[in-house]
Amino acid sequence: MSQKNQTLGEFIIENQSSFKYTSGELSRLINSIRLAAKVVNHEVNKAGLVDIIGAAGDTNIQGEDQQKLDVYANNKFIQTMTNRNIVCGIASEEEDDFISINSQDENNQNKYIVLIDPLDGSSNIDVNVSVGTIFSIYRRVTPVGTPVTIEDFLQKGSQQVAAGYVVYGTSTMLVYTTGDGVNGFTLNPAIGTFYLSHPNMEFPEDGTIYSVNEGNYIHFPQGIKNYIKYCQMEEGDRPYTSRYIGSLVSDFHRNVIKGGIYMYPKSSKNPTGKLRLLYECNPMALLAEQANGKASDGFTRILDIEPTELHQRVPFLCGSKNMVEKAESFMRDA
Ligand code: AHM
Ligand code: MG
């Protein structure tokens, strides 16, 4: 239940009991993501000061090495979750392998693992365009008190217990689901508090925005080419509008509010697609479904895909239900 001026901290506590495995552990985990997001937000907002405080690779005035923002975000999220000892394993888009956190210690009763893309939209980092963090949370499948294994990380998206993103935009927002709808919180930077600003977010069933990198058009499968032509045709509420930020979190965020579809199909350049199933597509797919939208690889529901490797890539169509279904019908018919 949401109230006016409710903070994220209050919301987490109030909704803890509606979560089926209630032990407070998931709440503590989301709290630590909230904390790391605030720290990363502060750093992202300083990105334009690079000429003044020094570029990545330089040493700053305190004698600390300046890090690239994506490296900084990766370290900050991992550090926050490790220090608070609330997860047993982490996998990050920035790391080759998963990290086991004291999970071999039989006193460590932590049940959750996190998969994270610490700063997504890397091509936008240096040009003052919105970027985001994406996270995905599962319960481990191997016994507590034993080391985590790859099996804990290669679970189908439908097994996620929570997922969310942070968008570092004109305002910074944290949007997440624990499987009971999607809620969005806006940061008041003056006091460092997230407030519930977008309760029960839902994609409109239909939309008029399509988001795709049309520079790759000639490399797309025929079904996607046909769907793009359909979007551009003059008929009914078409032609649709094209909007592409090139930052998945930001494109998704706009589409959930206004109604639209995001597409990163496979192409001859990226034969299996570009986006990562575990760090990008699964969490966004859970959010989409929880927000009355849909996510597919063109044929199969994203959340039903059986992962085979940590950094696996898949084609990704996500957004307003009717638009995704229309795109799928073009894929089937091509
Ligand atoms: P990244 O993980 O290297 O940042 O790549 C993911 C990003 C998405 O946020 C975005 O939608 C897409 O890549 C943009 O790719 P492109 O520049 O090929 O259109
Ligand atoms: Mg990414």
Side-chain angles (χ1 to χ4, degrees), residues 33 37 40 44 47 56 67-78 90-96 98 114-136 153 157 163-169 173 175 209-221 224-225 228 242-256 260-288 293 295-298 302 307 309-319 324 327:
I33 291 173
V40 170
V44 168
Q67 290 171 325
K68 279 179 79 73
L69 269 179
D70 42 5
V71 178
Y72 178 88
N74 186 47
N75 293 343
K76 196 47 72 183
F77 278 101
I78 292 177
I90 302 175
S92 162
E93 198 190 283
E94 297 284 333
E95 305 279 338
D96 291 338
F98 64 83
V114 173
L115 293 114
I116 190 158
D117 183 354
L119 211 57
D120 182 68
S122 44
S123 66
N124 288 323
I125 293 175
D126 295 332
V127 291
N128 206 356
V129 176
S130 302
V131 289
T133 296
I134 308 172
F135 60 91
S136 166
F153 295 91
Y165 61 80
V166 185
V167 56
Y168 309 98
M173 283 189 67
V175 174
I209 297 173
Y210 70 102
S211 317
V212 64
N213 186 343
E214 281 187 76
N216 295 328
Y217 182 86
I218 56 163
H219 303 287
F220 286 155
I224 295 293
K225 287 182 178 168
I228 292 175
S242 162
R243 287 281 183 278
Y244 188 70
I245 299 168
S247 175
L248 171 62
V249 165
S250 318
D251 280 310
F252 179 101
H253 190 72
R254 183 204 50 247
N255 289 348
V256 69
I261 183 171
Y262 171 94
M263 299 182 277
Y264 211 109
K266 66 176 181 183
S267 68
S268 36
K269 263 177 29 192
N270 295 300
T272 54
K274 176 188 180 193
L275 300 184
R276 318 278 180 142
L277 174 62
L278 298 182
Y279 312 104
E280 296 167 328
C281 303
N282 272 338
M284 298 315 262
L286 181 67
L287 287 158
S296 123
D297 70 355
I302 291 291
E309 50 183 299
L310 271 183
H311 294 282
Q312 184 174 347
R313 300 172 193 267
V314 289
F316 191 53
L317 310 180
C318 176
V324 174

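First listed ligand is number 1; within each ligand, the first listed atom is number 1. One-based numbering along the sequence shown. Small disclaimer: the values here were computed from a predicted structure and weren't measured.
Residue-level check: among N/O/S atoms of Asp120, OD1 sits closest to the Mg ion (ligand 2). Of all N/O/S atoms in Asp117, OD2 sits nearest the Mg ion (ligand 2).
If you number the atoms of ligand 1 from 1 as listed, the ones under 4.0 Å from a heavy atom of Glu93 come out as 2 (O).
Between the side chain of Arg313 and the backbone N or O of Lys274, at least one donor-acceptor pair lies under 3.5 Å. Using a distance-only test at 3.5 Å, with no hydrogens or angles considered, no donor-acceptor pair links the side chain of Thr133 to the main chain of Val166. The backbone N or O of Tyr279 sits nowhere less than 3.5 Å from a side-chain atom of Ser136 that would complete a donor-acceptor pair.
For the residues Tyr279, Tyr264, Phe316, the heavy atom positioned nearest atom 18 (O) of ligand 1 is part of Tyr264.
Distance check, rounded to the nearest 0.5 Å: CG of Asn282 to CD1 of Ile302 gives 7.0 Å.
For a threshold of 3.5 Å applied to N or O pairs, the pair formed by Asn216 and ligand 1 contains no separation below that value. The N/O atoms of Leu248, backbone and side chain alike, include one that comes under 3.5 Å of an N/O atom in ligand 1. Close N/O approach between Tyr262 and ligand 1 is found [any backbone or side-chain N/O within under 3.5 Å]. Inclusion of Gly121 in the set of residues having an N or O under 3.5 Å from an N or O of ligand 1 is warranted.
When non-hydrogen atoms are compared, ligand 1 lies under 4.0 Å from the backbone of Ser247 (N, CA, C, O) but not from its side chain. Contact annotation: for Asn213 versus ligand 1, heavy atoms closer than 4.0 Å belong to the side chain alone. For Lys274, every heavy-atom contact with ligand 1 shorter than 4.0 Å involves the side chain, none the backbone.
Scanning the protein for heavy atoms near atom 10 (C) of ligand 1, the closest one is Gly246 O, 3.3 Å. What sits closest to atom 6 (C) of ligand 1 on the protein, heavy atoms only, is Asp120 OD1, 3.2 Å. Counting protein heavy atoms only, atom 14 (C) of ligand 1 is closest to Tyr244 OH, 3.2 Å. Given atom 3 (O) of ligand 1, the protein heavy atom at minimum distance is Ser122 OG, 3.0 Å.
Between Ser92 and Asn74, the closest heavy-atom pair is OG-OD1, 2.7 Å. Nearest heavy atoms, Glu93 versus Arg276: OE1-CG, 3.6 Å. Nearest heavy-atom pair across Lys266 and Pro221 is O-CD, 3.1 Å. Residues Val324 and Gly319 approach most closely at CG2-N, 3.4 Å, considering heavy atoms. Scanning both residues, Leu310 and Leu278, for their nearest heavy atoms gives O-CD1, 3.4 Å.
Side-chain atoms of Ser122 and Asp70 include no donor-acceptor pair closer than 3.5 Å.
Note on ligand 1: Glu280 sits in its first shell, one or more heavy atoms being nearer than 4.0 Å.
Screening Tyr165, Tyr264, Tyr262 against Phe252 for a ring pair (Phe, Tyr, Trp, His ring centres under 6.0 Å) leaves a single residue, Tyr165.
Geometry note: the Mg ion (ligand 2) is the vertex, Glu280 OE2 and Glu93 OE1 are the arms, and the angle is 70° (rounded to 10 degrees).
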